[in-house]
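So that the names make sense, note that chain A is the first sequence line, chain B the second, and so on, each numbered from 1.
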There are 2 protein chains.
Amino acid sequence: MILCDIGNSRIHFYDGKEVKHLSHEEGLKLYESEKVGYICVNDEVKSRIKRFSKWQDVSNPSLLKSDYKGLGIDRIALSLAICDGVVIDAGSAITVDVMEKGVHLGGWIWPGVKAFKEAYGSISAKLAVQIDPCISFEKIPKDTSSAISYAVLGSIKEVVQTFAKSKRVFVTGGDASYIAPLFEDAKIDELLIFKGMEKMIKEERC
Amino acid sequence: MILCDIGNSRIHFYDGKEVKHLSHEEGLKLYESEKVGYICVNDEVKSRIKRFSKWQDVSNPSLLKSDYKGLGIDRIALSLAICDGVVIDAGSAITVDVMEKGVHLGGWIWPGVKAFKEAYGSISAKLAVQIDPCISFEKIPKDTSSAISYAVLGSIKEVVQTFAKSKRVFVTGGDASYIAPLFEDAKIDELLIFKGMEKMIKEERC
């Protein structure tokens, strides 16, 4: 069975060997006739794939011990994958979830790197700059580009560190390369969500 | 002379007694024939007011000791106003500037509260929530609304605290009420920018 994670803006497939990141249109067209186990946070796509006879929703939210209201199924899968530590998914949004001994303690959400850039650009053309993943936190910024990179990435660094002092940090998602350098020994793993989905299928708790 | 601060989305007038916050259109119409000293970060408005014979640009950027490249004239005025401490302007953008013994050490920029909300809404309708200025930082969030308020306001709290451990925090701008509660003894002062402008006019350094 091919595993499929349907996000807000992209769709991701894993066939046990490699991960393919596609647009919704491309992905649905390419895999419509395959045997697929999926999770989905996008309501519009969810209603379209109901007619795909070989696709099966493998969501199993009750497997995760959590009293978070409205936790997305993608965050549930990621939390099940790590069982202990902090997992950061840097996609359309940057979600952070904290797991301790198999229990989900909670989490929080920033806009994704692209949404942050668009937010700055919507305020003033002068603020429409690239976010620099190599920004230094040793000194206070002295130009617009550094000032923005520092605010976005410094926020993630400081807030996660406050709650993850001794916890292992796992990073996944398309913008993982922006986030991982913020933490010593952070582990990038693009298979995390599929590992969580496999646990859902096997009914394997943390 | 009436003082006028022209921002990216609003225009603010101070007649020595009270501050008026208006849209660009309203403000220009109402004060066109008055004697006005202004600073302006909005290029489109700047070109329009060149024909206002009684309006005078009071910008005096060289008054501030700073080697920040491209520092907005509004941030220069705010920095001149405080001379020592951290000044946070919560408007279209949330700017932070750090002053030490009359010298501007640098600063950084987040999107404003409105731009943050729009950024979340652009990712998913599920993330289009209000930011709660009363969010607690004692526990990890367990619902979407808290998760977003915590990320936005927690970022500002943590990053500013890292660089302002013993510094006085001054807060100004339309969303000052979201920001001030994050810091013990933060001082809200909506006149700060006009105090900086008065220093510009008098050529009074820190």
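- Other residues, nucleotides and ligands contribute over 12 non-hydrogen atoms within 6.0 Å of the NZ atom of K142(B).
- For the pair E158(B) and T162(A), the tightest heavy-atom approach, listed with the atom from each and the gap, is OE1-OG1, 3.2 Å.
- Most heavy-atom pairs under 4.5 Å with chain B: of the set G106(A), G91(A), G107(A), this distinction falls to G107(A).
- For A119(A) against A115(B), the heavy-atom pair with the smallest separation is CB-O, 4.0 Å.
- Residues S155(B) and W110(A) are in side-chain contact: their nearest non-hydrogen atoms beyond the backbone lie under 4.5 Å apart.
- The aromatic ring centres of F163(B) and F137(A) sit 6.0 Å or more apart.
- The 12-atom threshold is exceeded at NZ of K167(A), counting heavy atoms of other residues, nucleotides or ligands nearer than 6.0 Å.
- Here the side chains of V159(A) and Y150(B) are in contact, with some heavy-atom distance below 4.5 Å.
- With contacts defined as side-chain heavy-atom distances shorter than 4.5 Å, the pair D43(A)/K126(B) qualifies.
- Side-chain atoms of I140(A) and W108(B), non-hydrogen and from C-beta on, do get closer than 4.5 Å to each other.
- At a 4.5 Å heavy-atom cutoff, I156(A) makes no contact with chain B through either its backbone or its side chain.
- Heavy-atom pairs under 4.5 Å with chain A peak, among G70(B), G72(B), G154(B), A93(B), at A93(B).
- Here I123(A) is the residue among I94(A), L71(A), I123(A) with the most heavy-atom pairs under 4.5 Å with chain B.
- Applying the side-chain contact (heavy atoms from CB on, under 4.5 Å) test between S124(B) and each of I109(A), N8(A), N42(A) identifies N8(A) as the sole match.
- Atom NZ of K114(A) is separated from atom OG of S122(B) by 7.5 Å, given to the nearest 0.5 angstrom.
- Both the backbone and the side chain of S92(A) come within contact range of chain B, judged by heavy atoms closer than 4.5 Å.
- Heavy-atom distances place both the backbone and the side chain of D67(A) under 4.5 Å from chain B.
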